[in-house]
Amino acid sequence: MIAENQAAVAKRLMVTSSPHIHSGLTTARVMWDVNIALIPVLAMAIYNFRFYALTVILATVAGACIAEFAIQKFFFKSKTTLRDGSAIVTGILLALCLPPSIPAWIAFTGGFIAIAFGKQVYGGLGQNIFNPAHIGRAILLASWPLYMTSWIKPGVDAVSTATPLAFLKESLTNNSLLTTLSESGKTIIEHTMQTLNISFSDMFLGIGLAGSIGETSKIAVLIGALFLFIRGHIRLYAPVSMILTVFLGAYFVGNSINFAIFHLLAGGLMLGAFFMVTDMVTSPMSRRGNVLFGIGCGIITLLIRLKGGYPEGVCYSILIMNAFVPLIDKMFAPPKFGTGGNK
Amino acid sequence: MNIIIAALFLGILGLISGIVLSFASKKFEVKVDPKIEQVMQYIPSANCGGCGYPGCAALAEAIVNNGASISLCVAISKRNADAINKIMGIEKEAKSDDPLARKAALIRCQGLDTDEYKNFEYAGVKDCQAAVLVQNGPWKCPHRCLGLGSCVAACPFDALKMGPNNLPVVDEAKCVACGKCVVACPKQIIELVPQVKTVHVLCVSNDTAKDTVKMCKVGCIGCGICKKNCPADAIVIENNLAKINYEKCIDCGKCVEVCPRKSIIKEALPDI
Amino acid sequence: MNNNSNLLHELTKGIWKENPIFVISLGLCPTIAVTSSMTNAIGMGLSCMFVLVCSNLFISLLRNIVPNEVRIPTFIVVIATFVTILDKMIQAYAPALSASLGIFIPLIVVNCIILGRAEAFACKNSPIASILDGIGMGLGFTLALSLIAFFRELLGDGALFGYKIPFFANDPALIMIMAPGGFIVFGLLIALKRTHDLKGKFTK
Amino acid sequence: MTESLIGIFLTAIFIENFVLNQILGLCPFIGVSGRTESAVGMGISVTFVMVMAGVATWAVQNLILVPYSLEYLQTVSFILIIAALVQFVEMVIKKLAPALYKALGVFLPLITTNCAVLGVALINVKRNYGLLESAINALGGGLGFLLALVIMSGIRERLAISEVPVVMRGAPIAFITAGLLATAFMGLSGLI
Amino acid sequence: MLTPKTFSGGLHPPSIKATADKPIIALPLPDRVILHVSQHKGAPAKTILKIADKVACGDKIAIAGGFVSAPVHASIAGTIIGAGNFMHPMGVPSHAVVIERDKEANMTEYNYEDGLTLTPDEIRQRIQDSGVVGLGGATFPTHVKLTTNETSKLDTVILNGAECEPALTTDHRMMLEHPDEIINGLRLVMKVLNVKNGIIAIENNKMNAIELFDQKLAGDKEIAVQPLITKYPQGGEKQLIAACLKREIPSGKLPLDVGVVVINVTSAAYISYGVNYKMPLMERTVTLAGNCVKNPGNYLVRLGTTVADFIGMTGGLKDDVPLKKIIMGGPMMGFGLFDLNVPIIKGTGGILCWDENEAAMPDSTNCLRCGNCERACPMGLQPQLIKKYVDHRNWEDAFRLSVMDCIECGCCAYTCPAVLPLVQNMKLAKHMIHQQSIKDRKK
């Protein structure tokens with residue numbers, strides 16, 4: 001009996017430390033799921049901005065992938081992790097927060113910088129402090145502010161225009177306009193939306209409105225986020241607290257529900273909240289930490305939008321809060337078993 | 001006129017500061033370790049923070065109390081660094097006259113990297129101790145070097161490298177015999193031996209001859225042939241294992257020739 | 001040992017082997033703050049060299065007179081004096097440079113390189129050696145600053161010494177002449193220096 | 001008046017952050033940001049000394065140097081005042097509050113050569129700030145320094161246990177991170 | 001039926017309990033057994049017989065080597081043919097006795113005597129003599145749990161029928177087939193400890209067992225059946241107490257400190273045999289599962305039977321499915337074997353023979369900081385952070401993060417998308433810290 005079994009085991013057995021089974025959830029699967037979740041946004045982007053969007057997306061993804069491959073291959077001489085799809089996620093996310101009219105070479109540089117300085121200098125996936133896509137965007141914005149702040153209307157021909165938030169910012173600083181408006185009894189939001197000829201439903205669906213490639217259509221973002229949520233890759237503490245903070249903050253500051261809804265639907269809030277704030281690597285671990293993180297992002301976003309030098313603050317607010325994540329994590333360590341705390 | 005005012009001002013400023021400070025230093029005097037003050041004399045006091053400590057005084061304190069190294073300081077001259085080391089009693093390792101005192105690490109295993117002597121293929125944390133925790137490591141011989149490089153990682157002097165057959169190799173020129181690798185090895189394979197000696201038994205297995213033969217091609221079986229042939233009577237057999245008494249060993253290499261298992265080797269003389 | 005080669009060593013060590021910035025990381029603030037253009041960088045470097053040489057010489061001369069307890073305040077006063085002289089000189093002869101370097105000229109007082117060299121070298125060595133050390137360190141500092149400024153001005157302004165360079169001047173990356181660019185270029189250059197030291201071993 | 005003071009205060013903390021925007025005090029910023037505890041101690045000490053130095057240098061500048069037209073002694077006298085001040089504070093704390101000294105005192109000597117302290121004095125003079133404005137600017141500057149230092153220490157504690165490439169470990173990654181942090185803080189420019 | 005309860009943390013590994021409805025089959029006696037003296041937590045037992053001695057079934061061959069130790073009994077009648085170092089399932093050769101079966105020998109007979117009439121001390125002595133240890137896998141000698149001066153603090157005895165390990169079904173079958181012995185064992189333990197409150201905790205993926213016990217214990221005032229929401233690692237002592245009673249055992253403390261004693265259901269059954277019949281622990285139920293075996297199921301097998309013999313007696317391995325991995329224990333906490341000539345010991349709950357597909361694990365990547373491990377950890381630890389400290393050989397900080405509290409349940413590694421060897425890192429840290437503390441004590 002023994003001999004018979006020994007024959008069956010002639011080939012050496014595999015011995016590993018426990019556990020011997022795995023959930024099957026891998027990094028690559030998480031990243032490709034994020035890529036899948038981005039498809040609706042990409043589709044809307046290409047529908048809205050046609051060739052412009054396609055060029056920018058291809059350029060950033062190419063930049064990101066080339067950076068990932070080249071740095072790992074020539075500098076670290078390690079196995080390349082292109083296949084896990086994380087560079088593509090970064091590339092696409094960066095493209096989604098760039099203006100469609102941006103030259104391809106700048107988009108390419110952005111993708112390259114995002115991966116090189118946002119991720120690979122720290123040792124690759126999972127080690128970075130800041131969201132790589134937003135690092136790419138922030139550096140591009142500081143480097144080429146002109147290209148980064150010129151917007152076009154959706155469609156085949158590039159008619160330049162202003163984004164709702166940029167228009168609002170301009171109106172807010174225009175004192176004579178403000179007096180005219182208050183005399184005529186029109187709110188500033190009504191003025192903005194009338195001038196730009198958009199409605200809230202346009203803003204929600206992303207039709208006929210200028211903005212960066214991925215931020216126009218909120219519904220597409222929500223569909224993608226829903227997919228990620230169902231797959232269990234994102235938790236809603238941070239995004240919901242960020243959105244709520246912006247909404248409530250705008251409501252109290254503007255003292256009008258339209259003002260709040262406008263801020264909810266304008267700009268990259270949804271995209272940032274569901275795809276950047278939820279980035280596992282650069283967000284806190286604990287539930288309370290995530291709520292704090294989201295609130296911080298919301299407050300800074302609103303501050304920059306209302307008082308700052310830029311019309312949109314989602315990108316910077318997330319980067320600034322990213323810097324606080326190690327401290328937040330330190331503050332909210334999970335309660336140890338036996339200390340009576342609850343998770 | 002202006003110059004006089006300037007000089008006067010600076011003088012008065014210096015005087016006031018000096019008086020206040022000397023008064024304060026009396027009034028608020030706190031005893032500190034005299035050693036720290038001694039060290040402070042030689043430390044640059046540039047307070048640049050380059051050492052990672054918050055200022056020169058903190059470094060001095062760390063040197064005296066926590067055994068930090070003055071080499072952390074980027075601004076200090078060599079002479080002052082030596083002076084501080086002298087205060088701390090860490091002088092350059094005195095060259096002992098006894099050649100046996102100069103030691104280096106020796107890896108006492110020369111197991112071959114063949115599947116024949118393996119129980120299984122190890123996959124997991126790259127650490128020897130971690131491998132031991134999984135079914136006592138992948139090798140049939142319980143004494144064999146695991147080849148995962150815990151000693152290499154432990155060496156602060158970069159004197160160990162992984163060589164052929166997945167065995168670490170010691171660079172005797174760099175080895176200072178600090179003993180970190182000896183502690184790091186879960187199989188107790190590494191020993192510090194005199195650098196001048198070149199004949200070593202490269203096996204630590206005290207299993208019986210029968211077991212050892214099954215598990216290794218070059219393991220010592222404690223047959224005693226080396227002991228019989230040693231002209232200096234420097235070899236003893238303990239627990240099925242030959243051991244060289246380095247004080248008696250004359251490096252003749254006779255045992256190397258007679259060993260039937262090739263467990264004893266004679267290495268090339270290091271350039272010292 | 002040959003005396004001449006020893007002195008030569010004092011002069012050259014600061015340029016590469018003991019470069020005050022890349023090797024011993026002293027005097028970081030001006031390294032990043034004033035390297036947005038080559039002109040500023042060289043101006044700053046030479047200013048530092050001037051103060052270094054003068055203070056090294058003085059401190060070396062005073063080294064046997066000053067009691068040990070008050071040596072640091074003495075050094076600071078000596079350095080501050082030369083910085084003030086320098087400040088006035090630049091204001092008089094190069095007002096543009098003075099304007100662009102701003103408070104970083106008076107801040108040379110607290111530049112760790114100067115106090116560090118005074119303490120580590122000048123107060124123990126002969127005046128000649130101290131002067132050579134000051135020149136060497138100053139040169140090393142200037143070189144390091146110019147190297148950083150070279151990349152920053154070229155990429156961030158598309159120019160060198162204010163002269164536009166074709167191709168680079170089309171769409172320069174403004175961030176390079178702002179604070180973040182300085183940090184990043186400096187970080188990369190230290191990494192580069194270390195790569196050289198590690199002989200291309202990037203990962204352990 | 002109050003509004004402008006608040007403006008000076010917030011600007012000094014966030015927008016013209018001494019480390020990230022003005023690039024002052026980098027040596028301690030890189031040197032003491034290894035652990036959060038040290039960073040907090042250093043930051044508080046710097047803030048404390050900066051406020052005192054801000055007030056003292058204002059007094060010297062406006063009560064002595066300007067009336068006797070001795071402005072050229074600015075650098076020398078400021079650095080002497082700061083050095084003496086730091087030493088005095090150190091001795092006082094050492095005697096009166098040993099616990100505080102243990103927590104903060106060790107950082108005090110490092111502050112003498114912190115260019116942020118001299119920097120704040122020089123900036124105050126350059127901008128013709130009054131006494132209150134000088135103090136507020138110094139307080140804001142100190143808190144901004146504290147903020148940058150604490151953020152950096154949190155990040156570096158995490159980086160210390162990450163797999164950062166060998167050539168990047170230590171100073172290089174610290175500088176690049178500082179650069180990225182400065183980029184992030186650029187978003188606050190124009191605020192207020 | 002009571003409302004199901006559970007604990008916080010943990011996860012739901014796939015339920016692969018294919019053998020749950022296979023009745024326990026008693027296997028024939030093996031020709032040879034290898035009995036290790038170290039089959040339990042604590043000091044190894046001391047052999048009292050020598051080579052060539054004849055032994056009857058149930059004879060003591062080794063006595064307890066200390067207070068926290070248990071005796072070892074001959075599981076077959078025969079002759080001792082070997083003593084010395086034999087490969088232990090843990091991979092390290094250790095002392096064992098080999099018995100060759102005497103085919104002529106008669107079965108030992110055991111007489112019934114009602115254990116509940118004995119005094120608590122007598123019951124405890126009989127448990128000690130029977131060599132019963134925690135059969136759920138922890139193998140802590142049972143009598144030690146029952147020896148306490150602080151009985152006043154004790155208020156509850158929990159029978160652990162959670163059996164949360166995927167793939168193992170021995171406890172389940174024991175509960176279905178021997179409910180009376182289990183209840184009797186519980187009553188004996190309650191009598192020893194003078195406790196009036198007993199709980200039989202069963203996960204609700206074993207509804208038939210819950211219903212059976214509900215029916216058997218209908219109207220019983222002292223013993224309750226507590227259903228638990230199926231979750232891993234509910235069978236862990238600390239998690240079980242947290243689930244049943246909402247009491248958390250502080251770090252470094254024992255169940256006793258919160259007034260509870262936990263006993264495995266199979267152990268309870270053998271306590272009943274040991275006390276009522278004076279029958280020592282010589283056999284146990286083992287689940288055989290996996291794609292490579294011909295007849296997966298639950299088997300009653302003599303201790304000391306080698307894994308090879310055991311598989312052979314059940315019908316052997318499939319010829320066409322190559323074996324890739326053999327696991328002794330469950331898939332979450334068991335350990336891989338490389339040698340089939342190691343014996344089944346007291347703690348062996350299952351033997352899993354897996355093929356290539358079952359054994360396959362994805363490749364490791366970098367940590368994503370997703371936090372799955374923290375959320376899954378039933379002990380509230382931060383596995384990802386501990387792992388980073390272990391990578392940097394920083395044992396002090398690993399200790400500061402309470403790595404010593406790790407119960408090695410494997411939840412973190414199971415759910416990690418980067419497939420990091422988290423549990424192995426924890427084990428390494430625990431080992432190194434343990435060694436360090438031993439060294440410090442020696443100083």
If you count heavy atoms of other groups shown closer than 6.0 angstrom to NZ of B:Lys180, is the number above 12?
no

Where on B:Gln135 is there a heavy atom nearer than 4.5 Å to chain A: the side chain, the backbone, both, or neither?
side chain

So which heavy atom on B:Val134 is nearest to which on A:Ser17, and how close?
CG2-CB, 3.8 Å

Hey, is NZ on B:Lys217 packed in by over 12 heavy atoms from elsewhere, all under 6.0 Å?
no

Check the surroundings of atom NZ in A:Lys330: do more than 12 heavy atoms from other residues, nucleotides or ligands lie under 6.0 Å from it?
yes

Is the number of heavy atoms from other residues, nucleotides or ligands under 6.0 Å of B:Lys243 NZ greater than 12?
no

Shortest non-hydrogen contact between B:Phe120 and A:Leu13, atoms and distance
CB-O, 3.5 Å

